[in-house]
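For reference, the structure discussed in these notes is given below.
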Amino acid sequence: MTIITVSHEPVGADQSACGPASWRQSVKRAVRHPGELCRLLDLPSELAKRATAAHGDFPLFVPRELIARMRPGDPNDPLLRQVLPLDAETAPVEGFLADPVGDVTARRSPGLLSKYRGRVLLVTTGACAVHCRYCFRRHYPYGQNPHAPRDWQPAIGEIARDRELREVILSGGDPLMLIDRHLAELAQQLAAISHLTRLRVHTRLPIMIPQRVTEELLRWLTGSRLAPVMVVHVNHAAEIDGEVAAALTRLVEAGVPVLNQAVLLRGVNDSVAAMAELCERLVDLRVMPYYLHQLDRVAGAAHFEVPVAQGLQIINELRARLPGYAVPRYVQEIAGRPGKTVLA
């Protein structure tokens with residue numbers, strides 16, 4: 001299966017309203033070619049050539065805000081490693097699949113996934129603010145998804161008919177690639193469904209482009225009848241600079257519970273020291289370390305996999321070093337199971 005190319009323009013954006021500091025301008029200015037990324041980081045041209053050959057059907061896309069946190073001249077920088085295509089992506093590996101978590105078979109209607117009791121997931125867009133090379137949806141058929149707010153109506157109708165549902169999860173891509181006006185309309189429609197109580201947003205944008213945490217975002221997120229929860233995605237403490245910390249603080253102080261999901265990645269955070277630093281940084285910002293995911297075995301990402309035995313050792317040592325609330329649950333998603341499998 002080949003990934004569908006998606007636009008990275010914020011959906012519904014009024015381009016004339018984009019000021020120079022706007023998050024939408026940051027999306028437009030993102031780096032889209034390995035050669036430019038390597039040039040900005042003073043990396044060898046040979047590395048750029050190999051990365052260009054490797055990126056294939058999953059193009060590179062990296063915001064300049066993230067690049068500014070990378071170490072120039074270091075091809076092993078943990079932030080760079082998450083986004084730079086490598087030769088290993090092109091080699092087929094047994095057990096690594098296009099749809100490792102069963103998203104396609106979980107589709108209930110266009111854009112609506114149902115895996116777990118009491119909650120459903122809306123794939124609101126295929127666009128992201130960054131292309132993580134280990135993304136479990138790097139092959140997802142986004143072209144079959146709704147592409148405008150009016151196209152969400154069949155999914156919303158399905159949610160309204162299922163009175164067992166309590167929570168809707170906005171996902172993607174990244175739902176915050178949509179403009180706030182459209183997200184506010186969607187939140188309003190969901191809040192009108194009486195049996196729903198919570199609205200969860202899974203996003204990497206406050207980390208990639210922290211200026212995305214706008215006053216308008218905070219208004220619709222906290223102004224709904226539905227209790228908001230935001231789940232962000234940080235894998236390494238170096239991702240959290242002063243601007244990211246300020247964005248997370250704005251969310252927390254607005255009354256939005258913020259949780260973090262990390263993925264255990266070889267060469268990025270596969271050490272006790274790296275994970276302890278990340279967990280403590282999050283807790284100090286009042287962000288709860290929620291999950292540490294064993295890598296989803298998506299085709300093209302085998303070189304990121306860390307053995308489960310090593311992950312268990314890291315968690316055990318974190319428990320000896322940190323307070324219990326600072327240690328994430330180590331989990332794995334297995335297609336067809338009615339919930340995450342807790343490894344530790």
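From a predicted model like this one, the values you see are computed outputs, not experimental measurements.
Side chain of Thr214 to main chain of Leu217: a donor-acceptor pair is present (N/O by atom type, distance under 3.5 Å, no hydrogens or angles). Judged purely by atom type and a 3.5 angstrom limit, Arg225 uses its side chain to pair as donor or acceptor with the backbone of Ala191. Without hydrogens or angle criteria, Gln144 side chain to Gly111 main chain gives no donor-acceptor distance under 3.5 Å. The backbone N or O of Gly102 lies less than 3.5 Å from a partner atom in the side chain of Thr105, making a donor-acceptor pair. In this structure, the side chain of His202 does not engage the main chain of Val232 through any donor-acceptor pair within 3.5 Å. In this structure a side-chain-to-backbone donor-acceptor pair under 3.5 Å is present from Asn269 to Asn235. The backbone N or O of Ile159 sits less than 3.5 Å from a side-chain atom of His195, completing a donor-acceptor pair. Put simply, the side chain of Arg181 never gets that close to the backbone of Leu178: no donor and acceptor are under 3.5 Å apart. Between the side chain of Arg29 and the backbone N or O of Val27, no donor-acceptor pair lies under 3.5 Å.
Summarising the geometry of His303 relative to Arg81, their closest heavy-atom pair is O-NH2, 3.6 Å, with the distance given to 0.1 Å. Taking all atoms of both residues into account, the shortest heavy-atom contact from Ala129 to Pro63 is O-CD, 3.0 Å. Summarising the geometry of Tyr291 relative to Pro328, their closest heavy-atom pair is C-CB, 3.8 Å, with the distance given to 0.1 Å. Closest approach of Pro78 and Arg71 over heavy atoms only: CD-NH2, 3.5 Å. The shortest non-hydrogen separation linking Pro289 to Val283 is CD-CG2, 3.7 Å. Here the shortest heavy-atom pairing between Thr222 and Ala254 reads CG2-O, 3.5 Å.
When each of Met208, Met177, Met230 is checked for a side-chain contact (heavy atoms from CB on, under 4.5 Å) with Thr203, only Met230 meets the rule. When the options Val287, Leu282, Val231 are evaluated for a side-chain contact (heavy atoms from CB on, under 4.5 Å) with Val258, the one that passes is Val287.
Clustering ILVMFWY residues whenever any of their side-chain heavy atoms sit less than 4.5 angstrom apart, transitively, puts Leu248 in a cluster other than the one holding Tyr290. No chain of hydrophobic side-chain contacts below 4.5 Å, direct or via other Ile, Leu, Val, Met, Phe, Trp or Tyr residues, connects Leu251 to Leu259. Clustering ILVMFWY residues whenever any of their side-chain heavy atoms sit less than 4.5 angstrom apart, transitively, puts Val229 in a cluster other than the one holding Leu285. Under the 4.5 Å side-chain heavy-atom criterion for grouping Ile, Leu, Val, Met, Phe, Trp and Tyr, Leu60 is connected to Ile207 within one hydrophobic cluster. Residues Val308 and Leu264 share a hydrophobic cluster, clusters being chains of Ile/Leu/Val/Met/Phe/Trp/Tyr side chains in contact below 4.5 Å.
The OG atom of Ser224 sits 6.5 Å away from the CG atom of Leu199 when rounded to the nearest 0.5 Å. Taken to the nearest 0.5 Å, the CG atom of Asn145 stands 10.0 Å off from the CG atom of Leu112. In this structure, CG in Leu292 is found 9.0 Å from CG in Leu343, a value given to the nearest 0.5 Å. To the nearest 0.5 Å, atoms CZ (Arg163) and CG (Leu196) are separated by 9.5 Å. With values rounded to the nearest 0.5 angstrom, Leu122 atom CG is found 6.5 Å from Leu190 atom CG. With values rounded to the nearest 0.5 angstrom, Leu218 atom CG is found 10.5 Å from Glu253 atom CD.
Classification of Arg138 and Glu89 as a salt-bridged pair holds, one side-chain N sitting under 4.0 Å from a carboxylate O. A salt bridge links Glu158 to Arg161: one of the charged nitrogens lies within less than 4.0 Å of a carboxylate oxygen. A salt bridge links Asp241 with Arg69; the closest basic N to acidic carboxylate O contact falls under 4.0 Å.
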Between Leu221 and Leu183, is the side chain to side chain contact (heavy atoms under 4.5 Å, CB included) condition met? List the steps.
CA-CA 9 Å; Leu221 195 56; Leu183 287 166; over 6 Å; no
Under the side chain to side chain contact (heavy atoms under 4.5 Å, CB included) criterion, do Leu37 and Leu80 qualify, and how do the steps go?
CA-CA 9 Å; Leu37 177 62; Leu80 174 66; 3.8 Å; yes
Could you walk me through whether Gln313 and Glu317 pass the side chain to side chain contact (heavy atoms under 4.5 Å, CB included) test, one step at a time?
CA-CA 6 Å; Gln313 182 178 356; Glu317 293 192 37; 3.2 Å; yes
Output, in order, the C-alpha distance, side-chain angles, deciding distance and verdict of side chain to side chain contact (heavy atoms under 4.5 Å, CB included) for Val120 and Leu113.
CA-CA 6 Å; Val120 288; Leu113 306 184; over 6 Å; no
Can you check salt bridge (Lys or Arg N to Asp or Glu O under 4.0 Å) on Asp174 and Arg204, steps first, answer last?
CA-CA 7 Å; Asp174 194 310; Arg204 196 129 154 80; over 6 Å; no
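Using a 4.5 Å cut-off on side-chain heavy atoms (C-beta onward), Arg198 and Leu226 make no contact. The shortest side-chain heavy-atom distance between Leu47 and Pro75 falls under the 4.5 Å cut-off. Taking the side chain as every heavy atom from C-beta outward, Val213 and Trp23 never approach each other to under 4.5 Å. By the 4.5 Å heavy-atom criterion applied to side chains, Glu333 and Lys115 are counted as neighbours. Side-chain contact check for Ile209 versus Arg64: every heavy-atom pair is 4.5 Å or farther apart. Residues Ser271 and Met275 are not in side-chain contact: their nearest non-hydrogen atoms beyond the backbone lie 4.5 Å or more apart. Using a 4.5 Å heavy-atom threshold, the side chains of Leu312 and Ile315 count as separate. Tyr140 is not listed as a side-chain neighbour of Cys135, based on a closest heavy-atom distance of 4.5 Å or more.
Side-chain contact, Glu185 with Gln189: no donor N or O sits under 3.5 Å from an acceptor N or O. Residues Gln211 and Ser22 bring no donor and acceptor atom of their side chains to less than 3.5 Å of each other. Side chain to side chain, His139 and Arg137 fail the donor-acceptor criterion of an N or O pair below 3.5 Å. Under the 3.5 Å distance criterion, with hydrogens and angles disregarded, a donor-acceptor pair is assigned to the side chains of Gln261 and His293. Using modelled atom types, one finds no donor on one side chain facing an acceptor on the other under 3.5 Å when comparing Glu167 with Thr197. Side-chain contact annotation: Gln82 with Glu239, donor-acceptor N/O pair under 3.5 Å present.
Grouped by direct or indirect side-chain proximity (heavy atoms under 4.5 Å, Ile/Leu/Val/Met/Phe/Trp/Tyr only), Val93 sits with Phe96, Tyr134, Val263, Leu265, Val268, Leu295, Phe304. Other members of the hydrophobic cluster containing Val101, listed by chain and number, are Phe136; membership follows side-chain contacts under 4.5 Å among ILVMFWY residues, whether direct or relayed.
Asp180 meets the salt bridge (Lys or Arg N to Asp or Glu O under 4.0 Å) test with Arg212; sequence neighbours excluded.
Other residues, nucleotides and ligands contribute only 12 or fewer heavy atoms inside 6.0 Å of the CD atom of Glu215. Atom CD of Gln310 has more than 12 heavy atoms from other residues, nucleotides or ligands within 6.0 Å.
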